[in-house]
Amino acid sequence: MRSLPLFAVLFLLSPTCAVAQHGQTDLARNPLLKNPEAVAAGAKLYGISCAGCHGADGSGGRGPNLIHALESSPLKDDELFSTIRNGIPGSDMPATKLPDDDTWRLAAFIRALTGPAVENEVPGDAVAGEKIYWSSKAGCSNCHAILGRGSGMGPDLSDIGGTRPLAIIREAIIPKKNDPSRNYELAGNEGVTVTLKSGRVIRGIARNRSNYSLQVVDQSGKLWLLRMEQVKELKVLDHSLMPADYETRLSSAEIRDLLAYLAHQSLRPGSEARDLEGPNQ
Amino acid sequence: MAALFAGAAMAQVRYEDILKGPGADWLTYAGTYQGSRYSSLRQITPENVRSLVPAWTYHVPDANGLRTSPIVYRGVMYITNSNALFAIDAATGRLIWRYQDTRARKRGVNRGAAILGDSVYFTTTDNYLVALNRENGSVLFSHKFADVNTGTTSTSAPLVVKDKVLVGSAGGDSGMRGFIVALSAKDGSEIWRKYTVPAKGEPGSETWSDLREWGGAGTWLSGTFDPETNTLFWTTGNPWPDFAGQPRQGTDLYTCSLIALDLETGKMKWYFQFTPHDVHDWDAQSWPMLLEAPWKDANGRSYMRKIVVHANRNGFYYVLDRETGKFLRGTQLIDNLTWAKGLDDNGKPVLIPGHDPTPEGNWVCPSIKGATNWMGQSYNPGTGLLYVLTMQACGLFTTSSQKPVPMKNFAGGGATQAGGQVILRALDPATGKRAWEYPMPGSGNMWTGVVSTASGVVFSGDDDGHLVALDGKTGRHLWHYYTGDDLTASPVTFEVDGRQYVSIASGSNVFAFALFQAGQ
């Protein structure tokens with residue numbers, strides 16, 4: 001036995017309350033999860049009953065952006081079921097009173113829409129997308145690495161499909177127009193130009209900074225640990241280094257294929273989905 | 001002050017660098033391959049340690065009871081938490097990057113990272129070995145080496161030797177089959193795997209009556225390594241079900257043992273079982289420390305003998321021949337030991353009847369936590385002393401009548417713990433004789449090991465949340481700092497820009513200390 005805190009000792013004394021380690025198969029689980037027909041049927045129901053408030057693509061309107069809402073705090077299957085069935089009392093979110101199977105179909109669609117991209121079939125040609133990703137036209141690898149290839153300066157994309165919904169990945173590449181929040185969420189990703197007192201100039205991303213120290217990764221992936229007394233001038237970019245013009249630089253087919261490639265970037269097989277019932281959540 | 005950075009071609013951590021042992025950097029879990037948690041740094045001394053002051057504190061998000069021992073290289077500290085690795089600026093405590101595996105299947109403790117080349121390594125609870133670029137955190141690979149559905153989870157810091165990353169297995173309290181696996185440092189692919197419970201028909205399988213395939217013998221603490229003979233030394237955990245010996249009659253090899261393996265092939269060179277047929281959950285997880293000690297041969301001539309020493313949870317301290325595994329000496333690590341009269345000529349315990357778990361329970365000393373545990377010991381060649389945390393405690397061991405069901409946390413009974421006097425002891429490693437001791441108030445909740453330095457300072461924790469500095473020669477108290485919580489891991493020491501730091505990850509924070517410097 002490894003480290004054994006006292007509560008574990010007490011626990012061992014009552015072996016009858018053994019806890020199952022894995023998600024149980026009980027009624028709290030959506031029986032139609034990842035079932036393609038159910039997801040398609042759910043999409044239809046969504047178009048009829050939900051899109052009016054949550055947007056055809058889930059990006060919100062009178063109701064919240066479901067992708068953002070459920071990415072930051074995912075609902076378990078049973079919670080999603082009861083939200084759809086009963087609505088959210090005291091808000092505009094109405095009860096549907098749909099039968100069980102339709103409710104599960106809708107829930108399966110919502111999970112597909114808001115869950116990691118790798119868990120769903122994504123349109124487009126991933127092989128063609130791979131070529132675009134590594135091309136100089138797109139230049140993605142100047143800033144992003146995948147499994148050790150490419151620059152380690154910007155966010156790593158090795159697991160982007162395994163961790164992010166497709167809509168979020170799309171939004172990163174084709175930002176929403178006039179979204180003022182975009183440039184307020186750059187902590188850890190700020191583009192900087194640092195001129196040292198020694199005369200050396202470093203360009204890169206400040207992974208962290210304070211009035212006293214600065215941690216920069218440059219485009220070659222090299223880390224610079226700096227104290228502010230070494231720094232003559234620090235310029236911080238007021239917008240993301242991530243180019244905002246891919247919608248004009250790449251065709252819509254190219255973007256679709258690029259998204260298909262990114263959706264496949266997953267450190268675990270798609271079947272090994274994050275387990276919302278599991279203890280890690 | 002110069003900028004700290006790697007040259008255009010990134011500086012690489014080489015096997016030779018790890019072999020040298022801790023100076024400015026701390027490159028492997030136990031500091032050295034020999035397991036000594038000894039550093040050659042001398043800036044902090046017994047004379048000046050009283051002016052040690054906090055340099056920074058880093059709060060690890062979501063952490064509690066951190067078990068990680070920091071790795072430090074070129075001013076960057078790497079610490080782990082459940083399915084997460086953090087790179088921290090070691091001079092300022094500022095986060096540089098963080099990797100979090102959000103899809104890992106469970107939460108659990110993690111004892112730390114390993115480093116080689118430009119990669120840092122750690123394992124997830126569901127048995128992925130993850131390699132990250134040490135400077136920017138980008139993912140190099142994430143390779144699954146075992147299936148959680150076999151009861152195996154991963155908690156220990158990997159051990160890097162040459163081109164291999166050695167990884168242990170945990171989960172022996174709910175049924176699993178222990179192993180050590182050697183994975184390629186380059187891509188995580190498997191080189192060899194050595195099971196610590198033999199398969200049916202293999203040598204050693206005759207020591208089991210049943211339950212072999214769930215027999216336990218986890219390998220959840222990193223091992224040590226002898227570069228001269230290319231041998232790994234690894235300890236193994238308890239047999240399963242922990243407290244019910246009936247379904248697994250026999251000595252249950254290779255549980256509660258020390259095994260010596262060839263680095264290249266994983267072939268077992270020898271084994272030594274400390275607690276045959278354990279029924280008290282006395283895993284052998286505490287380091288097999290490798291050292292040389294003056295010895296007399298048959299003709300009375302003195303020579304330096306290569307030995308491996310080991311303080312065991314069962315209450316005894318062992319000295320073995322490093323090349324053969326032969327038992328040389330054994331002494332009592334603690335005074336209150338009730339289950340055995342002593343050790344026979346082969347190092348086997350001479351049992352006192354009436355100490356096995358029963359439905360009503362039997363009172364046994366030491367307790368389930370043991371006379372010592374995985375907290376790291378330190379051997380200081382300067383003082384010639386081994387510093388080891390010991391605990392005097394007893395407990396009631398019971399059996400239950402339930403049928404054993406693997407992976408249901410069924411331990412076959414239970415145990416309580418009463419008392420819990422923790423004492424840091426300095427021993428002559430060759431004889432086990434006590435040089436000094438430092439008793440602590442508390443109730444036996446601490447998990448802190450020791451680090452000692454060339455200047456003769458011993459850093460450890462007490463059982464009450466204080467990081468303490470003691471004089472390595474005498475055990476005299478020199479300095480302490482209250483961290484505000486039980487201590488859950490071991491301190492390390494390192495140097496950045498010419499300044500020596502002492503650091504401990506504990507509770508939910510990482511603390512770092514250095515000598516007072518005006519205007520720091």
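Values reported hereafter were calculated over all heavy atoms of this structure, with side chains retained and with hydrogens, waters and symmetry mates removed. Fair warning: this is a prediction, and the values are worked out from it, not measured in the lab.
When the shell of 6.0 Å around CZ of A:R203 is examined, it contains 12 or fewer heavy atoms from other residues, nucleotides or ligands. Crowding of A:E79 atom CD: a count of heavy atoms from other residues, nucleotides or ligands under 6.0 Å exceeding 12. In A:H68, the NE2 atom is crowded: over 12 heavy atoms of neighbouring residues, nucleotides or ligands sit closer than 6.0 Å. The environment of CG in B:N64 is sparse: at most 12 heavy-atom neighbours from other residues, nucleotides or ligands sit within 6.0 Å.
With rounding to the nearest 0.5 Å, the separation of CG in A:L225 from CG in B:D497 is 9.5 Å. Here NZ of A:K222 is found 13.5 Å from CG of B:D118. Values are rounded to the nearest 0.5 Å.
A:S151 does not touch chain B: none of its heavy atoms, backbone or side chain, sits under 4.5 Å away. Only the side chain of B:T124 comes within less than 4.5 Å of a heavy atom in chain A; its backbone stays farther off. Contact annotation for B:D486: neither backbone nor side-chain heavy atoms come within less than 4.5 Å of a heavy atom of chain A. For A:D218, no part lies near chain B; criterion is any non-hydrogen pair under 4.5 Å. In this structure, no portion of A:R149 lies under 4.5 Å from any heavy atom of chain B.
A distance-only check finds a donor-acceptor pair linking the side chain of B:E135 to the backbone of A:L223 [under 3.5 Å]. Although no hydrogens or angles enter the test, the distance criterion places no donor-acceptor pair under 3.5 Å between the side chain of B:R94 and the main chain of A:S213.
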Any chance you could lay out the side-chain contact (heavy atoms from CB on, under 4.5 Å) test for A:D159 and B:V139, step after step, and finish with the verdict? CA-CA 9 Å; A:D159 203 23; B:V139 182; 5.9 Å; no
Yes or no on side-chain contact (heavy atoms from CB on, under 4.5 Å) for B:D126 and A:R268, after CA distance, side-chain angles and deciding distance? CA-CA 11 Å; B:D126 56 350; A:R268 288 154 190 264; 2.6 Å; yes
B:D89 and A:R227: CA distance, side-chain angles, deciding distance, salt bridge (charged side-chain N to carboxylate O under 4.0 Å, His left out) verdict: CA-CA 11 Å; B:D89 184 333; A:R227 308 294 162 253; 3.1 Å; yes
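Of all heavy-atom pairs between A:D156 and B:S138, the closest is OD1-CB, 3.1 Å. Listed here is the closest heavy atom pair of B:R103 and A:P269: NH1-O, 3.9 Å. The minimum heavy-atom distance between A:G148 and B:L140, with the atom names listed, is CA-CD2, 3.5 Å. Contact detail for A:L147 and B:F141: the closest heavy-atom pair is CD2-CA, 4.3 Å. When all heavy atoms of B:N136 and A:G152 are compared, the closest pair comes out as CB-O, 3.2 Å.
The greatest number of non-hydrogen atom pairs below 4.5 Å with chain B, out of A:H144, A:R209, A:R207, is found for A:R207.
For B:C394, the disulfide bond (SG atoms under 2.5 Å apart) partners are B:C365, not counting sequence neighbours.
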